[in-house]
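Have a look at the structure below, then the notes.
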Amino acid sequence: MIASAFAGSVVIFLLLRMVGGDIATVMLGTKATPESLAAIREAFGLNRSWPEQYFSWIAGVLKGDLGEAYTGQYVIGTEIAQRLEPTLILTFGSLFVSIPIAVIVGVYSAVNFTRWRGVAVDVVAQVGLAIPQFFLALVLVIVFAVQLGWLPATGYVSIFIDPVEAIRSMVLPIATLSLGITAVFTRFVRTSMIEQMNSDYMRTAKAKGRTIRSAAIIHGLRNSAIPIATTGVLQIGALMAGSVVVENVFGIPGIGRLLLTSVMTREAITVQSLALVILLIILGMNLLIDVLYGFLDPRIRHKEARE
Amino acid sequence: MKNLAEGSKLTQVKGARNSQGRSSRKSLQLILGIVLTGFVVMLTILSFFWTPWDPIAVNVENRLLRPNLSHWFGTDRLGRDLFSQIMVGGQNTLYVTLVSTLIGVTFGTTLGLAAAGSGPRWGSVLTRISDIGIALPSILIALVLATTIGPGRLSVIVAISFWFVPVTARVVVGPARQILSLDFVEAAMTHGRSRIYILFRQVLPNIAPIVIVQTSMMFAAGILIEASLSFLGVGAQPPTTSWGKILMDSQPLVQEAPYYTLLPGSFIMITVLAFNLLGDGLAVLLDPQHSQKGVA
């Protein structure tokens, strides 16, 4: 994980410098005077060599000191810390909503896989995969906020201030973000369960007198955990990317919204640190999923211990 | 972008349980996929020559007309015909997706073959690199790029390709290794064929079905990413229109004109669904064997 974080930080650092090359020009625009360019290079240490810039940035990240934004006039580290809460609630909330649903629905459809009930799950998941998140968000707003008036369309309330309002404000965002990932996980569970259903040990379990359902839950699910875990990586990335979209539709003051604002105002220094924070969250979630599946399937635990 | 890894894993059906009903459902998927993707592509090509209305002609008197016989999808906030805009918007979305997918497939397949063909040491280095690429979501890369080179087509294409290349490499490398371990490859080696010859002339044709299925899946994912980025304002810039941008414009008006969001959004959804169906159908048609093993 540390190796990935390091490599990822290098990629982000280089991406911001490779094209065009000069961050000062990026931030001030091409019409900036040489004096102001020199001033901003001085202020952000951009006149140093790339390795120097990189290591002072990483040292800053480790110390929690990311410097100050240029146009925004805020301390980047503090700003990011404040915005972590909504983003983490949103993403982890979606993960915790979608995994149990996906496991239950996926197993159900695998057990009933020749019947129409199983097929129906597949069709619904197929549609769930195809809905763009921003569209789903707007549809939910039209139905639940505009037409029915049950839930707020935008805004965010911290769970520490007003728990009820906080939950109400997060229902639609979490629903939006979880649908796609639930569809993907459901299909993974379904396909890998169907494969397990035909295996010899399942036949043995059935011969011992287990019903198909209990054999599927007790034996099949554990064995299908590996393929699900190995493909979790992509889904976490998608989840974070989705949170950028969802935060912007629902006006949630999280990391994703700050990222988009910073991109639009060409706040390169903030973008650099924000991208890294998002990458770290992705890696952290991967670790979490690995641990969870490790509990589910001891073989994963042992495999990792060997590596 | 979520469905790539499962691409060819979708149909891990084995032996006796692969009933008649299921395979006919799969071919139904394929036919539906071909018809729907064909329809969208034709509409987009048609838009170069003809649209029902001028897609950029502002007519404020006709603003926010509900869908009717002359404006099939209604009109937008400036009175422009929405259906014509969707037709034209397809140009940008499909162009960006096509270019990124081609880059992704070409370089990704090459990288995957290289990883499979080189020794274990280089192979694992290449795998590591592609893992990092996969972990970085393309929306994030697009946002970082948009900071430096500005929002627009180029950022989006580079960002999507940046993600497609490692994903393809990852999908290709496993099957390529399997083929490399087969007898006929060894026979070719004893004939003194070069490694590159073997990889491109003998391995590549054998993994082509996987690459084709992957291409279709990536196309669907590309449309989703492009639309999301345009929706966020990082993709297509005015005057170019794009599917995501139409929805961005519709957002403030969800209360007044729900159709303005619902119709273009459904259109995007059906397009993505179509390419996914095409990929699923192709997976079964082209390579039942590999789609059973699960190669992603």
Side-chain angles (χ1 to χ4, degrees), chain A residues 3-4 7-8 11-12 15-17 19-20 23 26 113-114 119 126-127 129-135 138-139 141-142 146 180-181 183-184 187-188 191-192 194-195 197-198 227 231 233-235 237-238 240-241 244-245 248-249 259-260 262-264 266-268 271 275 278-279 282-283 286, chain B residues 1-6 9-17 19 21-22 25 128-129 131-132 134-141 143-149 151 167 220 224 227-228 231-234 244 247-248 250-251 254-255 258 261-262 265-266 268-270 272-273 276-277 280 294 296:
Chain A
S4 316
V11 171
I12 293 165
L15 269 181
L16 275 166
R17 280 161 184 78
V19 212
I23 291 215
V26 165
F113 120 95
T114 44
V119 175
Q126 184 77 265
V127 174
L129 283 178
I131 301 186
Q133 271 157 337
F134 56 88
F135 176 51
L138 293 178
V139 170
V141 166
I142 289 175
V146 177
I181 192 170
V184 180
R187 299 192 74 180
F188 277 138
T191 41
S192 95
I194 288 174
E195 197 180 6
M197 297 298 281
N198 299 310
T231 36
V233 187
L234 279 167
Q235 314 319 317
M240 282 313 291
V244 178
V245 175
N248 280 290
V249 179
L259 180 63
L260 191 64
S262 310
V263 168
M264 291 309 183
R266 299 288 180 105
E267 197 74 76
V271 171
I278 292 177
L279 180 69
I282 292 174
L283 293 172
N286 278 328
Chain B
M1 81 186 72
K2 303 160 203 121
N3 42 357
L4 290 184
E6 61 169 342
K9 299 188 77 174
L10 298 175
T11 46
Q12 296 172 333
V13 189
K14 275 186 182 171
R17 300 208 84 158
S19 62
R22 196 174 160 84
R25 191 165 67 84
R128 280 272 165 216
I129 293 176
D131 278 355
I132 293 158
I134 291 172
L136 290 168
S138 41
I139 289 191
L140 187 63
I141 297 171
L143 288 169
V144 171
L145 281 174
T147 321
T148 42
I149 53 180
V167 169
L224 273 180
S228 305
F231 176 79
L232 290 174
V234 185
L247 268 98
M248 172 171 116
S250 82
Q251 194 188 348
V254 282
Q255 208 152 356
T261 299
L262 294 175
S266 311
I268 303 176
M269 190 180 92
I270 289 169
V272 176
L273 188 65
N276 277 336
L277 289 176
D280 272 15

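Chain letters run A, B, ... following the sequence lines, proteins first and then strands; every chain starts at 1.
With contacts defined as side-chain heavy-atom distances shorter than 4.5 Å, the pair L247(B)/F134(A) qualifies. The shortest side-chain heavy-atom distance between V249(A) and F231(B) falls under the 4.5 Å cut-off.
Going from atom CD of Q126(A) over to atom CG of N276(B) covers 5.5 Å, rounded to the nearest 0.5 Å. Within the model, atoms CD of Q133(A) and CG of L224(B) stand 8.5 Å from one another, a figure rounded to the nearest 0.5 Å. With rounding to the nearest 0.5 Å, the separation of CG in L143(B) from CD1 in I278(A) is 8.0 Å.
Interface summary for chain B: among I12(A), L260(A), N248(A), the most heavy-atom pairs under 4.5 angstrom belong to L260(A). The most heavy-atom pairs under 4.5 Å with chain A, out of S266(B), G244(B), S250(B), G233(B), come from S266(B).
Contact detail for V245(A) and S228(B): the closest heavy-atom pair is CG2-CB, 4.3 Å.
Residue L140(B) touches chain A through its side chain alone, counting heavy-atom pairs closer than 4.5 Å. For chain B, the nearby parts of V127(A) are the backbone and the side chain; heavy atoms of each come within less than 4.5 Å.
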